[in-house]
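I have placed the structure first, in the form of structure tokens, so that the comments after it can refer back to it.
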Amino acid sequence: MKILANDGIDPIGKKILEEAGFVVDTVHIAQEELINKLNGYDAVTVRSATKLRKELLDACPNIKVIGRGGVGMDNIDVDYARSKGITVVNTPAASSHSVAELVFAHLLNGVRFLFDSNRKMPVEGATNFGGLKKAYATGTELKGKTLGVVGFGRIGRATAQIALGLGMDVVYYDLFQGPVSLTLSLSGGVEVDLAVRQVELEQLFKVSDFISLHVPFLDKPVIGKEEFALLKDGVGLVNASRGGVIDELELVEALNSGKVAFAGLDVFENEPTPREALLTHPKVSLTPHIGAATDEAQERIGEELALLLIESLKK
Ligand code: NAD
């Protein structure tokens, strides 16, 4: 049986599949050519780049299994695929910790102006060292501040654990969950209960010094014009979930007015062509949707995906 890993697969995953007797093709076939070429395979794995829509699935009756390396399945017509008998699997937990760590890369970046100093130091560092030192003299610590986590699933909880380790207070809001107990496993098998408090969304907006969003894509932004008005002055925002969860035009305004001190963005409404006003904004720390892009997450994703594919294809 042949598997196309169209957005790549970690070598560990490829090895597991090959040892199980599958042929794994890691060439990338361009989206517009897939309609002619995908039917030569029994299964396909994708990340977020390749789109597997209804028309493509109709043209490829040989595809029995779709594997999504990662969480979000918005690039796949999942219900339609399943209605045609195609098994669709993903690896939702494999990258949670990597995404959570990226949130803190953005937060620490934000409170110490690294995004700005990294742009300015190469240009002004030798001639205006003192000026830049003065400009960045108002940093803040994360310790003792309140982090509001919107969406308390896998990544939201991993984010809360790191925040508590840094000495932050954590409040969270989740649409679907009751109170959650969060524990941390220490060496020696010791389990520690972590203190987090569930609050209403409006309360979270009002009390948080920093807010990190971990919800799926929704039909309207979680933070739009009205919600920006509720936020603390000088709040720091991080979005490593999905573009559109924060209204980008309102965000630019809030950054310009000083309502929002900084934003850390890994995801954008328009990928791969984010809004110019965000790309060039001096108060925005930017990454190109790399939340899951660590060696460790990719290994876990590759291994998990391979095992899921083997299980599904051998049924
Ligand atoms: P999850 O399903 O474990 O958690 C999502 C949580 O959000 C759930 O607890 C759900 O109840 C809650 N929720 C849903 N709608 C809500 C709403 N309107 N308000 C409040 N809570 C709501 O998902 P996860 O694995 O934690 O992933 C979270 C997000 O991160 C997803 O959007 C996912 O696509 C994204 N993600 C991004 C990257 C990246 O590279 N930046 C990588 C992986 C996942």
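What you see below is based on every heavy atom in this structure, not just the backbone, and it leaves out hydrogens, waters and symmetry mates. Just follow the structure's listing: the first ligand is 1, and inside any ligand the first atom is 1.
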I'd like to know whether ligand 1 has Ser96 as a neighbour, heavy-atom separation below 4.0 Å.
no
Do NZ/NE/NH1/NH2 and the carboxylate oxygens of Glu202 and Lys206 come within less than 4.0 Å?
yes
Between Leu147 and Ser208, is any pair of side-chain heavy atoms under 4.5 Å apart?
no
Among Val222, Thr287, Leu175, Ile301, which residue places a heavy atom closest to atom 18 (N) of ligand 1?
Leu175
List the closest protein heavy-atom neighbour of atom 27 (O) of ligand 1: residue, atom name, distance to the nearest 0.1 Å.
Ile155 CD1, 3.4 Å
For His214, counting its heavy atoms only, list the atoms of ligand 1 lying under 4.0 Å from any of them.
5 (C), 6 (C), 7 (O), 28 (C)
Yes or no: does Gly70 have any heavy atom under 4.0 Å from an atom of ligand 1?
no
Counting only heavy atoms not in Lys225 (residues, nucleotides, ligands), do more than 12 fall under 6.0 Å from its NZ?
no
Looking at Glu33 and Lys37, is any side-chain nitrogen of the basic one under 4.0 Å from a carboxylate oxygen of the acidic one?
yes
If you scan protein heavy atoms around atom 1 (P) of ligand 1, the nearest is Arg154 NH2, 3.6 Å
Looking only at protein heavy atoms, identify the closest one to atom 35 (C) of ligand 1 and say how far it is in Å.
Ser241 O, 3.5 Å
Give me the residue, atom name and distance of the protein heavy atom closest to atom 42 (C) of ligand 1.
Val99 CG2, 3.4 Å
Report the residues that fulfil side chain to side chain contact (heavy atoms under 4.5 Å, CB included) with Val123, sequence neighbours left out, ordered by chain and then residue number.
none
Looking only at distances, can you tell me whether any N or O atom of Val215, backbone or side chain, sits closer than 3.5 Å to an N or O atom of ligand 1?
yes
salt_bridge(Asp233, Lys259) N-O dist < 4.0 Å
yes
Short list, please: which atoms of ligand 1 are under 4.0 Å from a heavy atom of Ser95?
43 (C)
What atoms of ligand 1 come closer than 4.0 angstrom to any heavy atom of Ala292?
40 (O)
heavy-atom search around atom 43 (C) of ligand 1 in the protein gives Val71 CG2, 3.6 Å
Output yes when Asp42 and Lys64 qualify as a salt bridge under the 4.0 Å nitrogen-oxygen rule, no when they do not.
yes
I need the contact type for Leu218 against ligand 1. Using non-hydrogen atoms and a strict under-4.0 Å cut-off, is it side chain, backbone, both or neither?
side chain
Looking at Lys145 and Asp169, is any side-chain nitrogen of the basic one under 4.0 Å from a carboxylate oxygen of the acidic one?
no
Just list the side-chain donor-acceptor pairs under 3.5 Å for residues 129-142, sequence neighbours left out, or say none.
unit_1: Tyr136; atom_1: OH; unit_2: Asp116; atom_2: OD2; d: 3.1
unit_1: Tyr136; atom_1: OH; unit_2: Ser117; atom_2: N; d: 3.4

Which class fits the ring pair Phe262 and Phe210: parallel under 30°, tilted 30 to 60°, perpendicular over 60°?
tilted
shortest atom 37 (C) of ligand 1-to-protein heavy-atom contact is with Ala240 O, 3.2 Å
Which segment of Asp266 sits under 4.0 Å of ligand 1 when only heavy atoms are counted
side chain
Going by the order shown, which atoms of ligand 1 are within less than 4.0 Å of some heavy atom of His289?
39 (C), 40 (O), 41 (N)
Enumerate the atoms of ligand 1 whose separation from the nearest heavy atom of Gly151 is less than 4.0 angstrom.
7 (O), 21 (N)
Please identify which atoms of ligand 1 are closer than 4.0 Å to at least one heavy atom of Tyr173.
19 (N), 20 (C)
So, are Asp58 and Lys84 salt-bridged, with charged N and O less than 4.0 Å apart?
yes
Which residue supplies the protein heavy atom nearest to atom 4 (O) of ligand 1, what is that atom called, and how far is it?
Gly153 CA, 3.3 Å
Got more than 12 heavy atoms from elsewhere within 6.0 Å of CD, Glu271?
yes
Just checking Lys15: does its NZ atom have more than 12 heavy atoms from other residues, nucleotides or ligands closer to it than 6.0 angstrom?
no
Nearest-contact summary for atom 6 (C) of ligand 1 - protein heavy atom, Å:
Asp174 OD2, 3.5 Å
Please work out, at 4.0 Å between heavy atoms, whether the side chain, the backbone, both, or neither of Pro216 comes within that distance of ligand 1.
both
Could you work out, for atom 34 (O) of ligand 1, the closest of Arg242, Met73, Arg47, Lys220 by heavy-atom distance?
Arg242
